[in-house]
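I have placed the structure first, in the form of structure tokens, so that the comments after it can refer back to it.
Every chain is numbered from 1, with letters handed out A, B, ... down the list of sequences. Quick caveat: nothing in here was measured; it's all calculated off a predicted structure.
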Amino acid sequence: MTDALFSLPTAADDDLLRGLNPPQREAVEYRGPALLIVAGAGSGKTRVLTHRIASLLRSREAWPSQILAITFTNKAAGEMRERVEQIVGDSARGMWISTFHSACVRILRREAEQFGFTKAFTIYDSGDSRALLKRLVRDREADSLGLTPAGVQSRISKLKNELADAESYARDANMSDPAERKFVEIFGDYQRELQKANAFDFDDLIAQTVFLFRAFPHVADVYRKRFRHVLVDEYQDTNHAQYQLIRELTRPIQGDAGGGMVFEDAPGASLTVVGDSDQSIYAFRGADIRNITEFERDFPGARVVLLEQNYRSSQNILDAANSVIRNNFDRKDKKLWSDQGPGEQIVGFTGYSQHDEAQFVADEIETLRRSGVDYQQMAVFYRTNSQSRALEEIFIRAAVPYKIMGGTKFYDRAEIKDALAYLVAVANPADEMAVRRILNRPKRGIGDVTETAIARFAADNGMSFRDALAHPAEMGLGPKLQKSILHLDAVLREATAVLLPASGEPAPPTAVTEGLQVLLNKSGYADALRMSRDPQDEARVENLDELVAVTREFARNNPEGTIVDFLTEVALVADTDDLDDESGAVSLMTLHTAKGLEFDAVFLTGVEEDLIPHRISANEPGGPQEERRLFYVGITRARKRLYLSLAMTRAQFGEVTVAMPSRFLQEIPSLLIDWKQSPGDVNSRGGLQSRALNARRPGGSAGDRWGVKPLPAGGGLKPKSTAMEKFPGLVTNKVRDNGDLELAAGDRIRHDDFGEGTVDAVTGEGAKRIAHVRFDSAGAKKLLIKVAPIAKV
DNA sequence: CAATCCCGTGTTTTT
DNA sequence: CACGGGATTG
């Protein structure tokens, strides 16, 4: 490839291309209708994308307002905007850099009136839509047909991702099946309820935008004309609806004389997509990997650029990543390489329990810290959110500063949802769910009966549930009830006056904060919590204070922001603690959240069968392969140091279960891993590897599978087991259960491996009772009583 | 109508 | 284990 292929670099382009390798340059400079950048992990994809945008702006090929860049997370969007601004300064303003969902909300708010919604529509999160479906399933007595709210929800979500609606689904469904008929009924009801409530669920945001564009071509043309350059990041994770949205946006404009607006014919916007099919980890949410694998077919004449050089990780880490992902079939072979040298070995550790594992992580973090690595350059990953608990417990005890990324916890709390429901009740009074939610919070003595009476009155008089609150006297209710309903009505009115001034003037920046305070204080909600004796309610008050602080922060960042903008932000921006607090803390997050990020040191924890790959994925088509990609994503986040850890036992649902090392560990060449404690060193019974197991395959290539180093001779143990197939699986099912064994300090016990010893103390409860034992010859050990191979003497 | 208790249940990833 | 739902009681 020679430079002559490219346009001559101008002076302005020069610094945009400096330091880029040839494919990267091509990705920045190519101009044409469609460009696919296949970007392996760490190949400088964000740099290429930002420089491409900067180059379009610098060369005056595009105004900022003509650029639409779509990322997968808000965080990625924020980062991209920041980096583009660093290069081109203020002229970056006016670009749309956002997630699919945010972009669609923006469009929908603008066009809502076209199809029976208002600008103030509510966005239902999955909890909201499940609540609605729960009611519908109950009302329709669908549970007798085996339909559950969660099941219906996930089916509806999948259908919407395929752009199907109740009618189109019904055409192909087997309508002689009563369960199918019922499902179609509920789907239709659900959609009508959403419409009535002036609300969209997450999937609607995309699907309804596509429908809008298709139903109103003149509306679509406005956006087609506006966005001349559409760039999509993480393209491998787009679903069908998102794909169709892109298609609609990049369709050529046909002169239209009918819709009131007249455009000249124009070619479709230029489309740039970036992705890596090896990092596709959202199939569970409808992502269709074919969108990227068939890009060239979908967009004939598309240019494809491959970025394979990795600038992030050391070669050892890349080797591990390559050797794992190689096991996925039907993928295009792609090998990441680096010129950074091998770097450190990967460190492996097998803990006895998840706490043991967490302790190892905490210790290593402190060691790294002392050697000069900042906390913010370290991250701990796990497969499931629940795994963060054990880590947190140990980190708190070890005084390791940490922050949990992602995780919607804050906005999932009941008191926060209540407070937001109050705001929604003001912003979008049509949202009956929100009004019903706050009806009896705080306790006003309004139960099912009264709620139904209000609903009936509203229906009988053709008014909304919200408006019915002004007429309790006409419902035949007791005086106390009437009074409290009127009070609620008055509070909502007062807040409405603050948040949505009738004068038509924009509300001041402080409006959201004030409105929320009015709602919380005058409704009695805050007082009820403050008066409560429940110690948890104290924390709830603090959470509400934090929410008020969030509104202040919002006002600072968005002086023009309205209540609707605020609600949009909290609905779509899940992580509360993102960019601003670089306070020097270790980041904890799920593997999914980790995508797109990078750290000097990465701890990948819980590398066990049934966790990664997750048990549930085993039966799903493509499940295990997707789990492998997830593992691959985790590995490739690390720049210099990678730690892989697991535990031999894991507490789940209050039960201690035995865990097996993940199959993915076997896919990494043992030379790459330095096991501080290998799965062969520890067994599920709390001791070292038992003789019985080793006896089956004495000698041989001790530990090569796990890269086990010989133990410093002690206790006269034989070489450890080598291959997984004879190791944990066999132990697993034969684990003993001493659940009822009573032990107390002073008792003498015998251990299969350690011999006899004296119990010093017993700590913990139930299945987690731990005996602290001083063995006569093996020294002090801690044993989980439930599973240790011990007996009283 | 509210508070309490008991039982069963499910158990992944996220905009 | 943690949560929600249902039944029971005040």
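- Atom CZ of A/Phe100 and atom P of B/dT14 are 19 Å apart (whole Å).
- Between the CZ atom of A/Arg628 and the P atom of B/dT13 there is a distance of 21 Å, given to the nearest Å.
- Residues from residues 274-287 of chain A lying near DNA chain B, meaning a heavy-atom separation below 4.0 Å, are A/Tyr282, A/Phe284, A/Arg285 in numerical order.
- The residue among A/Thr384 and A/Ser126 whose nearest nucleotide of DNA chain B is located toward the 5' end is A/Thr384.
- Under 4.0 angstrom from either OP1 or OP2 of C/dC1 there lies no side-chain N or O belonging to A/Ser386.
- For A/Glu193, the salt bridge (Lys or Arg N to Asp or Glu O under 4.0 Å) partners at least two apart in sequence or on another chain are A/Arg135.
- Judged as a ring-ring contact (aromatic ring centres under 6.0 Å, His included), and not counting sequence neighbours, the contacts of A/Phe72 are A/Tyr282.
- The six-membered or imidazole ring of A/Phe284 lies away from that of A/His614, with a centre-to-centre distance of 6.0 Å or more.
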Without placing hydrogens or testing angles, list every side-chain donor-acceptor pair under 3.5 Å for residues 438-445 of chain A, not counting sequence neighbours.
unit_1, atom_1, unit_2, atom_2, d
A/Asn440, OD1, A/Arg444, N, 2.6
A/Asn440, OD1, A/Gly445, N, 3.2
A/Asn440, OD1, A/Ile446, N, 3.2
A/Asn440, ND2, A/Ile446, O, 3.1
A/Arg441, NH1, A/Asp418, OD1, 3.1
A/Arg441, NH1, A/Asp418, OD2, 3.4
A/Arg444, NH1, A/Ile438, O, 2.8
A/Arg444, NH1, A/Leu439, O, 2.8
A/Arg444, NH1, A/Arg441, O, 3.4
A/Arg444, NH2, A/Tyr422, OH, 2.8

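- For A/Arg397, there are no side chain to side chain donor-acceptor pair (under 3.5 Å) partners two or more places apart in sequence or in a different chain.
- With sequence neighbours left out, A/Thr71 forms a side chain to side chain donor-acceptor pair (under 3.5 Å) with no residue at all.
- Distance A/Asn385 CG to C/dC3 C1': 16 Å, rounded to the nearest Å.
- Of the residues near DNA chain B, A/His614 and A/Leu481, the one whose nearest nucleotide (by heavy atom distance) lies more toward the 5' end is A/Leu481.
- Under the rule for a side chain to side chain donor-acceptor pair (under 3.5 Å), the partners of A/Gln279 that lie at least two apart in sequence or sit in another chain are A/Asp276, A/Arg637.
- Between the CD atom of A/Gln236 and the P atom of B/dT13 there is a distance of 20 Å, given to the nearest Å.
- Considering only side-chain N and O atoms, A/Asn239 lies nowhere under 4.0 angstrom from the phosphate OP1 or OP2 of B/dT15.
- Using a 4.0 Å heavy-atom criterion, one finds that A/Arg629 contacts no nucleic acid atom at all.
- Protein atom CG of A/Leu630 is 14 Å distant from nucleotide atom P of B/dT12, rounded to whole Å.
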- Message: One pair to check against side-chain contact (heavy atoms from CB on, under 4.5 Å): A/Phe381 and A/Met589. What are the steps and the verdict?
- Response: CA-CA 5 Å; A/Phe381 302 159; A/Met589 68 191 86; 3.7 Å; yes
- Heavy-atom contacts, protein to nucleotides 2-7 of chain B, under 4.0 Å, summarised as B (base), S (sugar-phosphate only) or - (none) per nt, yield SS----
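- A straight line from CD1 of A/Ile485 to P of B/dC1 spans 10 Å, rounded to a whole angstrom.
- Residues that satisfy the ring-ring contact (aromatic ring centres under 6.0 Å, His included) test with A/Tyr124, not counting sequence neighbours, are absent from this structure.
- Nearest to the side-chain atoms of A/Arg389 among the listed nucleotides B/dC1, B/dT12, C/dA2 stands C/dA2.
- Rounded to a whole Å, the CZ atom of A/Arg615 is 10 Å from the C1' atom of B/dG10.
- The CG atom of A/Asp204 sits 18 Å away from the P atom of B/dT15 (whole-angstrom rounding).
- Remark: A/Glu608 does not engage A/Arg383 in a salt bridge, criterion side-chain N to carboxylate O under 4.0 Å.
- A/Ser102 has no side-chain polar atom (N or O) that falls below the 4.0 Å cut-off from OP1 or OP2 of B/dT15.
- Residues passing the salt bridge (Lys or Arg N to Asp or Glu O under 4.0 Å) test with A/Asp431, sequence neighbours excluded: none.
- Residues passing the side chain to side chain donor-acceptor pair (under 3.5 Å) test with A/Gln236, sequence neighbours excluded: A/Glu234.
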Produce the list of close N/O pairs, under 3.5 Å, pairing protein atoms with atoms of nucleotides 5-10 of chain C; give distances to one decimal.
unit_1, atom_1, unit_2, atom_2, d
C/dG5, OP1, A/Lys134, NZ, 2.9

